[in-house]
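Notes follow the structure.
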Amino acid sequence: DPGNLGTIFRCAEIQALPEKFEIQKKEEENVENEPPDELLCPITNEILEDPVITDDGHTYERAAIMDWFSRGYKTSPMTNQPLKNTDVRPNVAMKAIISAWNQKQFIYDSKAT
């Protein structure tokens, strides 16, 4: 009977709800507290606090790249290619992304406790 077909589909959806909630719960449990690699300095492998961009467009922790330059390197730590200059400029966008990620982690950690 076509009228019963809708009831059968609703029953199947209701029966699937616990499984859907289990999947969602597992996904929430798998939220990593580790930052994505893109938020890490490629020199220190730590989350960026004062991200700066070099001439070749790569982002580093300011102290780490300045140390690199102070050791006499004039190349990109990422590509080993010569840099036109050793000037750095703040990566404001990355700083905002990291701030948002930190805030999300704080909220997630607060809910976990």
Side-chain angles (χ1 to χ4, degrees):
D1 179 23
N4 289 335
L5 196 55
T7 303
I8 292 170
F9 283 130
R10 281 192 293 280
C11 287
E13 288 174 358
I14 291 169
Q15 289 173 340
L17 282 177
E19 183 179 329
K20 285 182 182 179
F21 285 123
E22 280 302 310
I23 291 170
Q24 183 177 1
K25 183 178 176 186
K26 286 178 184 174
E27 287 173 353
E28 288 173 1
E29 288 172 358
N30 288 334
V31 172
E32 294 184 19
N33 288 335
E34 295 298 316
D37 289 346
E38 295 80 10
L39 304 186
L40 302 179
C41 172
I43 297 173
T44 66
N45 206 35
E46 300 207 1
I47 193 161
L48 294 157
E49 292 182 20
D50 187 10
V52 294
I53 302 173
T54 56
D55 181 57
D56 65 348
H58 290 285
T59 298
Y60 304 93
E61 179 62 32
R62 181 184 299 273
I65 193 65
M66 297 312 287
D67 181 58
W68 174 264
F69 293 149
S70 74
R71 294 171 186 246
Y73 296 108
K74 306 297 181 207
T75 58
S76 167
M78 290 292 290
T79 65
N80 209 29
Q81 295 298 310
L83 296 170
K84 292 179 185 172
N85 61 62
T86 57
D87 297 338
V88 297
R89 60 189 185 283
N91 188 335
V92 178
M94 180 63 78
K95 189 150 181 113
I97 292 167
I98 292 167
S99 178
W101 184 85
N102 283 331
Q103 183 66 30
K104 184 178 177 183
Q105 293 306 306
F106 176 77
I107 290 168
Y108 178 76
D109 290 343
S110 296
K111 287 181 180 179
T113 56

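What's counted below: heavy atoms across the whole structure, side chains too, no hydrogens, waters or symmetry copies.
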### Task
Can you measure from OH (Tyr60) to CE (Met66) and round to the nearest 0.5 angstrom?
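The distance works out to 13.5 Å.
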### Interatomic spacing from CD1 in Ile98 to CD in Gln103 - rounded to 0.5 Å
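Taking CD1 in Ile98 and CD in Gln103, the distance rounds to 14.5 Å.
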### Partners meeting side-chain contact (heavy atoms from CB on, under 4.5 Å) with Asn85 (sequence neighbours left out)
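For Asn85, the residues satisfying side-chain contact (heavy atoms from CB on, under 4.5 Å) (neighbours in sequence not counted) are Asp55, Asp87.
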### Message
According to side-chain contact (heavy atoms from CB on, under 4.5 Å), who are the partners of Thr79, at least two apart in sequence or on a separate chain?
### Response
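For Thr79 the side-chain contact (heavy atoms from CB on, under 4.5 Å) partners, ignoring immediate neighbours, are Asp56, His58, Ser76, Gln81.
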Considering only distance and modelled atom types, tabulate donor-acceptor pairs under 3.5 Å from the side chains of residues 39-53, sequence neighbours left out.
residue	atom	partner	partner atom	Å
Thr44	OG1	Glu46	N	3.2
Asp50	OD2	Arg62	NE	2.8

### Message
Who clusters with Val92? Use side-chain heavy atoms, under 4.5 angstrom, across I, L, V, M, F, W and Y, and order the result by chain and number.
### Response
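Taking Ile, Leu, Val, Met, Phe, Trp and Tyr as members, Val92 stands alone, with no cluster partners.
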#### Entry: Set of side-chain hydrogen bond (donor to acceptor under 3.5 Å, both in side chains) partners for Arg71, sequence neighbours left out
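Partners of Arg71 under the side-chain hydrogen bond (donor to acceptor under 3.5 Å, both in side chains) test: Asp67.
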### Query
If you look only at pairs with a residue in residues 71-96, which of them pass as a ring pair (Phe, Tyr, Trp, His ring centres under 6.0 Å), with sequence neighbours excluded?
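Those involving residues 71-96 are Trp68-Tyr73.
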### Query
When hydrophobic residues are tied together by side-chain contacts of less than 4.5 Å, even through go-betweens, does Met78 share a cluster with Val88?
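Yes, same cluster.
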